[in-house]
Amino acid sequence: MSKTFKGKPLSPGIAKGRLVFAFHVRSEGELPSEVGFVDEVRRFFKALGAARKDLELMKARISKSRMQKEVFDVIDVYLMFIEDPTFADFVVEQIRAGKPAYVAIKEYFNDYADRLSSAGDPYLRERAKDIKYVKRFLLNKLFQTEIDWEEVSGRGEILVAPFVSPVDIVNVVEKGIKGIVVEKGSETSHTSIVARSLGVPMVKLEDATEKLREGEVVLIDGSEGKVIVEPAEGYQERPVIFKEIPEKEELPVEIYANIDFPEEAKILKELGAKGIGIFRTEYMFLVRRDWPSEQEQERYIRKLLKHTGDLLVNIRIADLGGDKVPVYAEGIRELLDYRGIRFFMLKEDLFRIHIRAVIKAFAGRTLRLLIPMVSDAYEVRWVKKVVEEEIKSLDHPPDEVVYGAMIETPAGVLEIRKINQEVDFVSIGSNDLTSFMFGIDRECRLPEYLDPPNNMAIVESVKRIIRVCGAERVTLCGEVARSTKYLPYLLSSGLKKLSVNPAFIPELRSWLSEHLN
Ligand code: PEP
Ligand code: MG
């Protein structure tokens, strides 16, 4: 008899086949606790070398005709961690102190992930999960407990696993596996991004390894999040055929990217992004153990500029506070309730360090400086005054400074006329604006009755900003910028610039090309 389990959709498409189970996590109880230094260091470097080799091979094997850019990017993030000398130094140091390599690897990545998750930001929490995948990938290499692809292939077409890494997805495609059911995963994890890029349907089903049986024939629907055991005839298998990115196609709307880490800038050109709508500098604060020095901040921003070429770059002043509080900010935690620019107005000493680093990184170039959470023109004037003072004290200033205000509070919308007189451009932060407009947590979805056309609060706010500032000066950022519920109303109101997470650019381009050209 047919039976349906409802899970979560992670990657669209429909696939049917026999289930094959893959378990690849060994319990730590089986591991030796006493290790010799030389042997353990050798074992660690062997695992590191094998991991690097695998990642390079993956890159070479991915078909060039696919939308492989995102996959490359994910693999680069893995390589970045694996090749980071501070990671190897840390592990060797811990082995010297008598710990097994696997404990040291876990400590390093758990600590990193904890720092990201404790920031409270949902996007950062996703990155924390990605970091845990890098950890598992390395531990699997260390213990040689990876998915045994020889064992899996030929025994089934739908893989069931507690979790899979992005690298596993590449193997899945190569071994002719048509779909995946995982127990752990989320829509925005690297694994899901890679599955969507390579057209592999994927569903998350809690306790899948208990609910399902190896060898059963199932159909998974990655758009609906369903797993149907013994499906009735009639459901059509439907792998998703992704449109190639319409690279050359000129759209009447410009697309920019919101990015969090310098490395993300590498793929923007190929994705067709005109530039970086927001570079969220706060992540350099959030992944650390203490306040970064001026030199460290400058180095970090210069790292971004190495990858941006001639792309437009809006550097956002760190939007600290709210759900983005560094773990080390104990003594001033309550000041961070003021969020964004208001926090720095209370901690001018920290702001001067931050802004000097930004100004110095842009020596001899145009600095487009975006101010977060602007609710009043005074906040812009305050930033301009400090920036001008700091520029005077430097030998190599930027060629020019262009100011932008992020409008993400109802007060900012209502004060837009005065704010606009102080800035050269405006970015609408639709995530925070939605949250403050409706009094709802950023992580919650609005109930449907608050969507347009029923409730036009966000649409009317955007229209008002465009009317006052002119569409050329306005970019819409955040989730609303890729929401097909909102876009028809916003684009017909003259909106011309959108800025979204790079992972969503291909589907946004496809949607726009279908609906606008
Ligand atoms: C927003 O609020 O919509 C936005 C883009 O900024 P962030 O998500 O970084 O708060
Ligand atoms: Mg915001």
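We're numbering straight along the sequence, starting at 1. Both ligands and their constituent atoms are indexed starting at 1 by order of listing.
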Measure from the ring center of Tyr112 to the ring center of Phe81 and say whether it is less than 6.0 Å. yes
Give the numbers and elements of all ligand 1 atoms closer than 4.0 Å to a heavy atom of Arg339. 10 (O)
Ion pair check, Asp399 and Arg365, cut-off under 4.0 Å: no
Those atoms of ligand 1 less than 4.0 Å from some heavy atom in Arg316: 6 (O), 7 (P), 9 (O)
What atoms of ligand 1 come closer than 4.0 angstrom to any heavy atom of Gly478? 3 (O), 5 (C)
At less than 4.0 angstrom from any non-hydrogen atom of Ser430, what atoms of ligand 1 do you find? 1 (C), 3 (O)
re atom 10 (O) of ligand 1, the protein heavy-atom contact at minimum distance is Arg442 NH1, 2.7 Å
Lys/Arg-Asp/Glu bridge criterion (N-O < 4.0 Å) met for Lys269, Asp310: yes
So for Glu479, does at least one of its heavy atoms come nearer than 4.0 angstrom to any atom of ligand 1? no
Give the atom name of whichever N/O/S atom in Asp432 sits closest to the Mg ion (ligand 2). OD2
Test: Lys385 and Glu388 ion pair at under 4.0 Å: no
Before you tell me yes or no, could you show the steps for Glu183 and Lys204 under salt bridge (charged side-chain N to carboxylate O under 4.0 Å, His left out), namely the whole-Å CA-CA distance, both residues' side-chain angles and the distance that decides it to 0.1 Å? CA-CA 6 Å; Glu183 294 182 326; Lys204 172 182 168 182; over 6 Å; no
Atom 3 (O) of ligand 1: the protein heavy-atom neighbour that sits closest, reported with distance to 0.1 Å: Asn431 N, 2.7 Å
Which pair of heavy atoms, one from Leu433 and one from Ser461, lies closest together, and at what distance? CD2-CB, 4.2 Å
With atoms numbered from 1 as shown, which atoms in ligand 1 lie under 4.0 angstrom from a non-hydrogen atom of Glu408? 1 (C), 2 (O), 6 (O)
Kindly say whether the aromatic ring centers of Tyr338 and Phe343 come within a distance under 6.0 Å. no
Option from Arg356, Arg352, Lys384 for which salt bridge (charged side-chain N to carboxylate O under 4.0 Å, His left out) with Glu389 holds: Arg352
Subset of ligand 1 atoms that lie under 4.0 Å from at least one heavy atom of Ile278: 5 (C)
Glu408, N/O/S atom nearest the Mg ion (ligand 2): OE1
